[in-house]
Amino acid sequence: MKNISVIGSGTMGNGIAHVFAQHSYNVSLIDIKQEFLDNALATITKNLDRQVGKGLISEDEKNAALGRIQTFTDLEAGVKSADLVVEAATENMDLKLEIFRKIDQFSPESAILASNTSSISITKIAAATKRPEQVIGMHFMNPVPVMKLVEVIRGYATSDEVTAKIMDLASKLSKDPVEVNDYPGFVANRILMPMINEAIYSLFEGVAGVHEIDTVMKLGMAHPMGPLQLADFIGLDVCLSILRVLHDGFGNPKYAPCPLLVNMVEAGFKGVKTGEGFYKYTAGSKDSIVSPRFSK
């Protein structure tokens with residue numbers, strides 16, 4: 001396995017491309033606009049420069065990694081030589097199904113098709129293809145170059161051989177793969193999202209403020225980041241999408257998203273990506289400033 005195609009050049013896609021290229025894989029990075037791809041390459045370059053500055057890689061290794069990445073706006077051209085395709089597009093079921101129908105058509109018959117989805121059924125995605133036994137989930141964590149975990153999700157039809165190959169591949173990326181079965185939210189988000197949702201409910205119901213809720217979880221539970229700050233970092237729209245998948249998948253009201261979360265997303269306050277969520281974010285500042293909307 002040498003040629004990797006990554007579909008989607010956003011936060012997750014460019015991180016996945018970065019890691020594969022750094023580990024000597026040829027990467028085809030695919031998106032619908034060259035502007036998106038140029039921004040992704042700039043981000044990858046900045047993150048590699050950071051690694052050089054920390055002494056983790058050399059300047060030559062950085063340049064070699066960048067030289068292994070090609071960009072494509074044409075999906076067919078981008079996947080035609082792939083041994084593995086990793087889809088990292090927006091967390092939208094209809095979009096993912098359409099992408100998988102196309103990559104099933106355009107990629108080699110031997111290629112493994114993986115999704116970086118954080119909650120959507122791998123079994124359902126696989127059913128959109130003619131090779132369900134070769135479809136699997138590779139759920140990387142953000143930021144991809146730093147986080148060690150990869151959830152490897154077996155769909156109902158995923159073969160043992162494909163699962164073993166992806167587990168081995170993740171290890172070769174210096175990651176720690178964990179095999180899980182295909183149920184809504186898998187493991188990470190099935191546990192994480194109800195905690196975040198409960199933290200939002202605690203704010204919504206006036207139990208405590210943003211800073212206080214996050215401080216309790218950081219100091220009392222040894223979490224490196226409070227749940228409200230983490231929600232901002234993930235993206236409140238992503239959190240809402242995952243909670244809806246959990247709610248729909250299990251039919252259990254405990255997964256129903258808090259009305260405050262719904263309102264914030266509808267109003268465009270999605271966290272770091274929009275500059276404001278539960279906290280206010282200013283370029284160049286690392287200070288945690290609670291959004292004025294939640295300040296006492």
Extract all donor-acceptor atom pairs below 3.5 Å that involve side chains of residues 220-237 and protein atoms in other chains or at least two apart in sequence.
{"from": "D232", "atom 1": "OD1", "to": "F278", "atom 2": "N", "distance (Å)": "3.0"}
{"from": "D232", "atom 1": "OD2", "to": "F278", "atom 2": "N", "distance (Å)": "3.0"}
{"from": "D232", "atom 1": "OD2", "to": "Y279", "atom 2": "N", "distance (Å)": "3.0"}
{"from": "D232", "atom 1": "OD2", "to": "Y281", "atom 2": "OH", "distance (Å)": "2.7"}
{"from": "D237", "atom 1": "OD1", "to": "K273", "atom 2": "NZ", "distance (Å)": "2.9"}
{"from": "D237", "atom 1": "OD2", "to": "K273", "atom 2": "NZ", "distance (Å)": "3.1"}

Decide side chain to side chain contact (heavy atoms under 4.5 Å, CB included) for K102 and S107; before the verdict, give the C-alpha distance in whole Å, the side-chain angles of both, and the deciding distance to 0.1 Å.
CA-CA 8 Å; K102 289 180 178 178; S107 64; over 6 Å; no

Closest approach of [X] to [Y] (non-hydrogen atoms, all atoms of both residues):
| X | Y | answer |
| --- | --- | --- |
| E151 | A188 | OE2-N, 3.0 Å |
| S121 | D182 | OG-OD2, 3.1 Å |
| A40 | L29 | CB-CD2, 4.0 Å |
| I30 | S5 | CD1-CB, 4.1 Å |
| R244 | V262 | NH2-CG1, 4.0 Å |
| A21 | I69 | CB-CG1, 3.6 Å |

Name all pairs fulfilling the side chain to side chain donor-acceptor pair (under 3.5 Å) condition that reach into residues 82-91, sequence neighbours left out, sorted by first residue then second.
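Residue pairs passing side chain to side chain donor-acceptor pair (under 3.5 Å), neighbours aside: E87-K96, E87-S115, E91-T117, E91-S118, E91-S119.
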
I'd like to know whether [atom1] of [X] has more than 12 heavy-atom contacts from other residues, nucleotides or ligands below 6.0 angstrom.
| X | atom1 | result |
| --- | --- | --- |
| E98 | CD | yes |
| F250 | CZ | yes |
| K2 | NZ | yes |
| K218 | NZ | yes |

Check for me, please, whether [X] and [Y] land in the same ILVMFWY cluster - side-chain distances under 4.5 Å, paths through other members count.
| X | Y | answer |
| --- | --- | --- |
| F140 | I125 | no |
| V180 | L149 | yes |
| I136 | I16 | yes |
| L246 | L260 | yes |
| I213 | I196 | yes |

Run through the side-chain heavy atoms of Ile, Leu, Val, Met, Phe, Trp and Tyr, join any pair under 4.5 Å, and report what else lands in F36's cluster.
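In the cluster with F36 are I32.
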
With sequence neighbours excluded, what pairs up with [X] under the side chain to side chain contact (heavy atoms under 4.5 Å, CB included) test?
| X | value |
| --- | --- |
| Q105 | none |
| T129 | F100, D104, L113, R131, P132, V135 |
| E109 | none |
| N39 | E35 |

Residues in salt bridge (Lys or Arg N to Asp or Glu O under 4.0 Å) contact with [X], at least two apart in sequence or another chain:
| X | value |
| --- | --- |
| D49 | K62 |
| R50 | none |
| E179 | R154 |

Enter the distance from [X]:[atom1] to [Y]:[atom2] here, rounded to the nearest 0.5 Å.
| X | Y | atom1 | atom2 | answer |
| --- | --- | --- | --- | --- |
| M193 | C239 | CE | SG | 4.0 Å |
| I289 | S295 | CD1 | OG | 9.0 Å |
| L37 | T73 | CG | OG1 | 7.0 Å |
| T158 | E133 | OG1 | CD | 9.0 Å |
| R101 | L97 | CZ | CG | 5.0 Å |
| N3 | N26 | CG | CG | 5.0 Å |

L169 and F20, any side-chain heavy atoms less than 4.5 Å apart:
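Result yes, sub-4.5 Å side-chain heavy-atom pair found.
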
Find out whether N189 and V245 are in side-chain contact, i.e. whether some heavy atom of one side chain is under 4.5 Å from a heavy atom of the other.
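No - every pair of side-chain heavy atoms lies 4.5 Å or more apart.
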
Sole candidate of V86, L75, N116 that passes side-chain contact (heavy atoms from CB on, under 4.5 Å) when paired with I7
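Considering V86, L75, N116, a side-chain contact (heavy atoms from CB on, under 4.5 Å) with I7 is found only for L75.
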
With respect to K165, which candidate in L84, I112, D160 satisfies the side-chain contact (heavy atoms from CB on, under 4.5 Å) definition?
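The side-chain contact (heavy atoms from CB on, under 4.5 Å) with K165 is passed solely by I112 among L84, I112, D160.
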
Tell me, with the steps shown, if D38 and Q34 meet side chain to side chain contact (heavy atoms under 4.5 Å, CB included).
CA-CA 6 Å; D38 292 342; Q34 188 61 45; 3.0 Å; yes

Residues 170-178 side chain polar contacts: donor-acceptor under 3.5 Å, at least two apart:
{"from": "S171", "atom 1": "OG", "to": "M167", "atom 2": "O", "distance (Å)": "3.2"}
{"from": "K172", "atom 1": "NZ", "to": "D168", "atom 2": "OD2", "distance (Å)": "3.1"}
{"from": "S174", "atom 1": "OG", "to": "H23", "atom 2": "NE2", "distance (Å)": "3.3"}
{"from": "K175", "atom 1": "NZ", "to": "V144", "atom 2": "O", "distance (Å)": "2.4"}
{"from": "K175", "atom 1": "NZ", "to": "M147", "atom 2": "O", "distance (Å)": "2.7"}

Please test R293 against M264 for side chain to side chain contact (heavy atoms under 4.5 Å, CB included), starting from the C-alpha separation and ending with a verdict.
CA-CA 11 Å; R293 297 171 182 278; M264 290 178 70; over 6 Å; no

Short N-O contact, E76 and K80, less than 4.0 angstrom:
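Looking at K80 together with E76, the answer is no, because their closest N to O distance does not fall below 4.0 Å.
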
With a 3.5 Å distance limit and no angle check, can you tell me whether N197 reaches the backbone of C258 through a side-chain donor-acceptor pair?
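Yes, the answer is positive, given that a donor and an acceptor are paired below the 3.5 Å cut-off.
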
Side-chain (K148) to main-chain (M141) donor-acceptor, under 3.5 angstrom:
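Here the side-chain-to-backbone pair does not exist.
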
For Q22 and Q51, test the side chains for any donor-to-acceptor distance below 3.5 angstrom and give the result as yes or no.
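Present: a donor and an acceptor within the cut-off.
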
What's the verdict on side chain to side chain contact (heavy atoms under 4.5 Å, CB included) for V187 and R190, showing C-alpha distance, side-chain angles and the deciding distance?
CA-CA 5 Å; V187 171; R190 182 172 178 172; 6.0 Å; no

Filter on ring pair (Phe, Tyr, Trp, His ring centres under 6.0 Å), then keep only pairs touching residues 157-205, sequence neighbours left out; what's left?
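Qualifying pairs: none.
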
